[in-house]
Amino acid sequence: MAELMVRDGTWTFDGNAVRIVPGRERGVHKLRQDLGEFTVPLAALAGIALEPGRKGGRLRLRLREGADPLLQVTGGGLPDEANPYRLTVDAGRVEVAEYFVDTVRQALMLEQIPDGPADRYLLPGPSVPLSAAGVDGVATFDGERVHLEWRWNTSETKRDWGPRNFTLGALEAVEWRAAAGLESGYLRFRPRGATERLKPEHDPNSIELWGFKKESGTTALLAAAVAARLPHPSAGAGKALPAAPAAPLTPAAPLAPAAPLPSAPTPAAAPAEDHDALLRRLRELGELHRDGILTEEEFTATKAAVLRRFHTGG
């Protein structure tokens, strides 16, 4: 177990997942506070880094592409202070942060987590119901339906359409973009078969956004909640990505269910085993344990034997 507690929040790693709790201090971005506590499974991580700073540093999680609906729908548009995968580390907690990084990196290595794109969302997305306001309208989402209500200052085009309602089945995608320069941002719901793209101020399926105000962060959470319930972007792409490790168990695998479990390294076999082979062995052990083939005691004993080979080189 590794835990890092600072004013900006608390991150805890139990070997299987990172639990993120945002701080409640003044200065913690509203988006992070609205998102609240959530858990990132190890399988969703591509890496972790501690970025040094003048007064401490920043801890940052890097997620696999497509693993998180929030990152997927915002496309890198969140400002740093709103990013829930960034934690400001006080100067006195840098050593704890370094230990946290080492612990997560070791787990990623031992479990051989791929750092490539995910073919499904590995996080559930923000909780619902949600309500979010933009410049000219308010969107609500209850987990099944999206409702758009226009404000007094909306364009005549949108006003003529009246309030909008969408079921999840009627939507092909949801899009969120932050404003850039003089270009407005938007929260857009794209119905199936729709091809026309109007500017946000005239699109009856969009709410216009100006800048990244605190309120705009909630529109990003609502977009992520909808995206999490729609088909993953990789669906129908013609090249589904493997959800399991690339090297499956084979009848010749050393740890097949019928094989006796070694309690110590076998000297004759050690010279032939390099680090890659030992890492594959660890991955296979984890699969057998998850499938219930190995008991907790068997898994612990065999894993310890493999780790001894890993650290001694045989």
Participant: Hey, are the side chains of Trp176 and Tyr186 touching, using non-hydrogen atoms and a 4.5 Å cut-off?
Facilitator: no
Participant: Is there a side-chain contact between Ser155 and Trp150, using heavy atoms and a 4.5 Å cut-off?
Facilitator: no
Participant: State, to 0.1 Å, how close Pro84 and Trp11 come at their nearest heavy-atom pair, and which atoms those are.
Facilitator: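 Minimum heavy-atom separation between Pro84 and Trp11: O-CZ2, 4.0 Å.
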Participant: Side chains of Leu50 and Arg58: does their closest heavy-atom pair fall under 4.5 Å?
Facilitator: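 With C-beta onward as the side chain, the pair stays apart.
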Participant: Which residues pass the side chain to side chain donor-acceptor pair (under 3.5 Å) test with Tyr85, not counting sequence neighbours?
Facilitator: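 Applying side chain to side chain donor-acceptor pair (under 3.5 Å) to Tyr85 gives Asp68.
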Participant: If you look at every heavy atom in Leu122 and Ala44, which pair is closest and at what distance?
Facilitator: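 Minimum heavy-atom separation between Leu122 and Ala44: CD1-CA, 3.6 Å.
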Participant: Do Glu208 and Ser184 have side-chain atoms, one donor and one acceptor, less than 3.5 Å apart?
Facilitator: yes
Participant: For the CZ atom of Arg164 and the CG atom of Asp203, what is their distance to the nearest 0.5 Å?
Facilitator: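 One finds 8.5 Å between CZ of Arg164 and CG of Asp203.
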Participant: Tell me, do Val104 and Leu108 make a side-chain contact under 4.5 Å, heavy atoms counted?
Facilitator: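 They are in contact (side-chain heavy atoms under 4.5 Å apart), so the answer is yes.
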Participant: Would Leu78 and Leu31 satisfy side-chain contact (heavy atoms from CB on, under 4.5 Å), going step by step from the backbone distance to the final call?
Facilitator: CA-CA 10 Å; Leu78 292 177; Leu31 182 150; 3.9 Å; yes
Participant: Would you mind writing out the side-chain donor-acceptor pairs for residues 124-132 within the sub-3.5 Å range, not counting sequence neighbours?
Facilitator:
none

Participant: NE2 of His29 to CG of Leu35: how many Å apart, nearest 0.5 Å?
Facilitator: 12.0 Å
Participant: To check you understand the geometry: which heavy-atom pair defines the closest contact between Ile207 and Gly134, and what is its length?
Facilitator: CG2-CA, 3.5 Å
Participant: Does Leu171 have any side-chain contact (heavy atoms from CB on, under 4.5 Å) partners at least two apart in sequence or in another chain, and if so, which?
Facilitator: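 Once residues adjacent in sequence are excluded, the partners of Leu171 under the side-chain contact (heavy atoms from CB on, under 4.5 Å) criterion are Val146, Phe166, Phe189, Val226, Leu230.
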Participant: Can you tell which of Leu221, Val174, Leu168 makes a side chain to side chain contact (heavy atoms under 4.5 Å, CB included) with Phe141?
Facilitator: Leu168
Participant: Would you confirm whether Lys158, through its side chain, and Ser206, through its main-chain N or O, come within 3.5 Å as a donor-acceptor pair?
Facilitator: yes
Participant: Please check if atom CD in Glu172 has more than 12 non-hydrogen atoms from other residues, nucleotides or ligands closer than 6.0 Å.
Facilitator: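 Counting neighbours around CD of Glu172, more than 12 heavy atoms of other residues, nucleotides or ligands fall under 6.0 Å, so yes.
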Participant: Under the criterion side-chain contact (heavy atoms from CB on, under 4.5 Å), I'd like the reasoning laid out for Phe100 against Ile48: C-alpha separation, chi angles, the key distance, then a yes or no.
Facilitator: CA-CA 9 Å; Phe100 192 96; Ile48 183 172; 3.9 Å; yes
Participant: So, for His232 and Tyr121, which heavy atoms are closest and what is the spacing to 0.1 Å?
Facilitator: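 Result for this residue pair: CD2-N, 3.4 Å.
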Participant: With a sphere of 6.0 Å drawn around CD of Glu37, does it hold more than 12 non-hydrogen atoms of other residues, nucleotides or ligands?
Facilitator: yes
Participant: Decide yes or no for Arg64 and Pro117: does some side-chain heavy atom of the first lie under 4.5 Å from some side-chain heavy atom of the second?
Facilitator: no
Participant: Do the non-hydrogen side-chain atoms of Val18 and Leu45 ever get within less than 4.5 Å of each other?
Facilitator: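 Val18 vs Leu45: side chains touch.
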Participant: Do the side chain of Asp14 and the main chain of Ala17 share a donor and acceptor less than 3.5 angstrom apart?
Facilitator: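 Between the backbone of Ala17 and the side chain of Asp14 there is a qualifying donor-acceptor contact (under 3.5 Å).
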Participant: When rounded to the nearest 0.5 angstrom, what is the spacing between CZ in Arg86 and CD in Glu51?
Facilitator: 8.5 Å
Participant: Taking the side chain as every heavy atom from C-beta outward, state whether Thr10 and Arg19 have any pair of such atoms under 4.5 Å apart.
Facilitator: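 They are not in contact (no side-chain heavy atoms under 4.5 Å apart), so the answer is no.
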Participant: Measuring from Glu25:CD to Thr88:OG1, what's the distance to the nearest 0.5 Å?
Facilitator: 12.0 Å
Participant: Might you confirm whether atom CD of Glu175 has over 12 heavy atoms from other residues, nucleotides or ligands at distances under 6.0 Å?
Facilitator: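 Yes, because the 6.0 Å sphere around CD of Glu175 holds more than 12 heavy atoms from other groups.
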Participant: Please indicate whether Arg60 has more than 12 foreign heavy atoms, meaning atoms of other residues, nucleotides or ligands, lying under 6.0 Å from its CZ.
Facilitator: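 Counting neighbours around CZ of Arg60, more than 12 heavy atoms of other residues, nucleotides or ligands fall under 6.0 Å, so yes.
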Participant: What distance do Arg93 atom CZ and Leu87 atom CG have between them, rounded to the nearest 0.5 Å?
Facilitator: 10.5 Å
Participant: Can you confirm whether more than 12 heavy atoms, excluding those of Glu3, are under 6.0 Å from its CD atom?
Facilitator: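 Counting neighbours around CD of Glu3, more than 12 heavy atoms of other residues, nucleotides or ligands fall under 6.0 Å, so yes.
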Participant: Is there side-chain contact between Lys55 and Asp90, with at least one heavy-atom pair below 4.5 Å?
Facilitator: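 Lys55 does not reach Asp90 side chain to side chain.
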Participant: Assess whether atom CZ of Arg151 is packed by more than 12 heavy atoms of other residues, nucleotides or ligands within 6.0 Å.
Facilitator: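 Counting neighbours around CZ of Arg151, more than 12 heavy atoms of other residues, nucleotides or ligands fall under 6.0 Å, so yes.
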Participant: With no hydrogens and no angle check, is any side-chain donor or acceptor of Arg32 less than 3.5 Å from a backbone partner on Asp8?
Facilitator: yes
Participant: Can you tell me how far OG1 of Thr157 sits from NZ of Lys199, rounded to the nearest 0.5 angstrom?
Facilitator: 12.5 Å
Participant: Is Thr74 reaching over with its side chain to a backbone N or O of Leu70, donor-acceptor style, under 3.5 angstrom?
Facilitator: yes
Participant: Would you say Asn205 and Arg190 are linked by a side-chain donor-acceptor pair, where the criterion is simply a distance under 3.5 Å?
Facilitator: no
Participant: Do Val28 and Val6 share a hydrophobic cluster, counting only Ile, Leu, Val, Met, Phe, Trp and Tyr and linking them when any side-chain heavy atoms are less than 4.5 Å apart?
Facilitator: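 Different clusters.
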Participant: Check this for me: Glu95, atom CD, are more than 12 non-hydrogen atoms of other residues, nucleotides or ligands nearer than 6.0 Å?
Facilitator: no
Participant: Testing the basics here: between Val73 and Arg177, what is the closest heavy-atom pair and its distance to 0.1 Å?
Facilitator: O-NH1, 3.6 Å
Participant: Give the minimum heavy-atom separation between Ala223 and Leu187, together with the two atoms involved.
Facilitator: CB-CD1, 3.6 Å
Participant: Could you give me the CA-CA distance, side-chain angles and deciding distance for Leu209 and Val135, then say whether side-chain contact (heavy atoms from CB on, under 4.5 Å) is met?
Facilitator: CA-CA 6 Å; Leu209 307 177; Val135 174; 5.5 Å; no
